[in-house]
Amino acid sequence: MRRPGTAVIVIALASLGLAAPTTSATAATQEYRCQQEWPGRDGNVRAWTDYGCDGNLLGVTPGDDRFWGDDSGAFQTIAYKEASSVMNSGFVGGRDVVAFYYDKDYQYRNGYVCLAPGEMWADNLTDNYFYNRPGQVVNDRIGSHRWVTASECAAGSWLT
């Protein structure tokens with residue numbers, strides 16, 4: 001009677017062992033893709049529809065964009081609430097941090113996150129949450145962005 005129980009445990013442990021490398025492989029692929037997309041310090045912010053800086057490029061700009069869902073600015077209609085990975089290739093110094101907001105018009109009270117120039121990119125926004133909006137995942141929920149200084153970002157607001 002012990003053998004069926006032991007077999008179930010062995011199968012369960014083996015399946016867990018096989019799942020771990022797949023997760024690591026996916027993360028490595030995403031990281032590699034973002035490395036390929038890295039343009040160097042060109043002064044821009046970028047966003048993609050898919051994880052790992054893949055899929056449709058939603059926009060590229062050295063400026064701010066008050067609403068990703070309108071017909072003006074670098075991020076237009078399709079970009080609204082579609083980003084799954086973002087990149088900060090801005091110049092270092094001054095306003096070199098990109099703040100991404102849940103809503104249009106840079107509404108701080110409704111949630112935001114910051115991406116430092118040293119972080120370069122966030123390749124999977126599903127593991128990041130908006131500051132000031134507990135439990136609200138960043139993935140597919142960016143409504144606007146602007147360039148800010150690091151001092152304008154709270155300790156718990158940084159994308160990883």
Side-chain angles (χ1 to χ4, degrees), residues 19 22-160:
T22 303
T23 303
S24 297
T26 301
T29 300
Q30 290 171 353
E31 182 77 13
Y32 177 72
R33 176 76 176 136
C34 287
Q35 287 174 354
Q36 285 183 314
E37 291 297 322
W38 178 250
R41 293 273 163 219
D42 65 357
N44 290 302
V45 59
R46 293 171 171 75
W48 289 267
T49 55
D50 296 337
Y51 312 121
C53 308
D54 206 1
N56 293 326
L57 180 63
L58 295 171
V60 178
T61 185
D64 302 340
D65 196 324
R66 62 168 285 282
F67 185 38
W68 285 20
D70 63 10
D71 292 330
S72 64
F75 294 83
Q76 296 185 6
T77 310
I78 187 66
Y80 185 57
K81 312 264 180 166
E82 291 289 326
S84 292
S85 53
V86 292
M87 182 177 284
N88 175 351
S89 58
F91 300 116
V92 177
R95 295 187 171 279
D96 59 2
V97 174
V98 183
F100 297 96
Y101 298 84
Y102 179 83
D103 287 323
K104 66 179 184 172
D105 297 324
Y106 326 118
Q107 294 182 31
Y108 168 86
R109 72 182 179 281
N110 289 331
Y112 75 97
V113 290
C114 294
L115 182 60
E119 188 69 28
M120 298 190 295
W121 58 76
D123 59 8
N124 185 346
L125 297 177
T126 61
D127 60 359
N128 290 273
Y129 297 88
F130 284 102
Y131 182 77
N132 280 3
R133 200 169 173 94
Q136 184 65 64
V137 70
V138 177
N139 189 59
D140 293 342
R141 290 185 172 84
I142 296 174
S144 61
H145 84 272
R146 70 178 173 161
W147 294 90
V148 300
T149 62
S151 65
E152 295 176 74
C153 299
S157 68
W158 296 97
L159 284 172
T160 56

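Only a predicted model underlies this, so the values are computations on that prediction, with no experimental measurement involved.
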For the residue pair Arg146 and Arg95, establish whether any side-chain heavy-atom pair is separated by less than 4.5 Å.
no

In this structure, CG of Asn56 is separated from CG of Asp54 (nearest 0.5 Å) by 9.5 Å

- Item | Heavy-atom side-chain contact between Thr61 and Val45 under 4.5 Å | yes

When every non-hydrogen atom of Trp68 is compared with those of Ala83, the smallest separation belongs to CZ3-CB, 4.0 Å

Under a 4.5 Å cut-off applied to non-hydrogen side-chain atoms, are Gln36 and Tyr32 in contact? yes

Measure the acute angle between the ring planes of Tyr131 and Tyr108, then classify it against the limits of 30° and 60° as parallel, tilted or perpendicular.
tilted

Rounded to the nearest 0.5 angstrom, the CZ-CD distance for Arg141 and Gln136 is 4.5 Å

Sequence neighbours excluded, the answer for ring pair (Phe, Tyr, Trp, His ring centres under 6.0 Å) partners of Tyr106 is Tyr101

Any non-hydrogen side-chain atom of Ser84 less than 4.5 Å from a side-chain atom of Thr49? no

>> I'd like to know if the side chain of Asn139 reaches the main chain of Asn124, judged simply by a donor and an acceptor atom lying under 3.5 Å from each other, with no hydrogens or angles considered.
In response: no

Heavy atoms of Cys114 and Ala99 approach each other most closely as SG-CB, 4.1 Å

Glu119 side chain near Leu159 side chain, heavy-atom distance below 4.5 Å:
no

One should read off an interatomic distance between Leu115 CG and Phe100 CZ, to the nearest 0.5 angstrom, of 5.5 Å

Shortest non-hydrogen pair, Ser144 vs Ile142, comes out as O-CG2, 3.6 Å

So CE of Met120 and CD of Gln35: to nearest 0.5 Å the spacing works out to 7.5 Å

Rounded to the nearest 0.5 angstrom, the CG-CZ distance for Asp103 and Phe67 is 9.0 Å

* Asked: Hey, is the main chain of Asp123 close enough, under 3.5 Å, to the side chain of Trp48 for a donor-acceptor pair?
  -> no

Classify the side-chain pair Ser89/Asn44 by whether it contains a donor and acceptor separated by less than 3.5 Å.
no

Residues pairing under salt bridge (Lys or Arg N to Asp or Glu O under 4.0 Å) where one sits in residues 55-69, two or more places apart or in two chains, turn out to be Arg66-Asp70, Arg66-Asp105

**Message:** Tell me whether Thr77 contacts the main-chain N or O of Asp71 through its side chain, where contact means a donor paired with an acceptor under 3.5 Å.
**Reply:** no

Would you say the side chain of Arg46 lies within less than 4.5 Å of the side chain of Phe75, judging by non-hydrogen atoms?
-> no

Side chain to side chain contact (heavy atoms under 4.5 Å, CB included) for Tyr102 and Asn132? Distances and angles first, verdict last.
CA-CA 10 Å; Tyr102 179 83; Asn132 280 3; over 6 Å; no

Those residues at least two apart in sequence (or on a different chain) that pass side chain to side chain contact (heavy atoms under 4.5 Å, CB included) with Pro117 are Arg41, Asn88, Val92, Asp96, Val97

How far apart are the C-alpha atoms of Val86 and Trp121, what are their side-chain angles, what is the distance that settles it, and do they pass the side chain to side chain contact (heavy atoms under 4.5 Å, CB included) test? CA-CA 6 Å; Val86 292; Trp121 58 76; over 6 Å; no

The reported gap from CH2 in Trp158 to CG in Asn128 (rounded to nearest 0.5 angstrom) is 12.5 Å

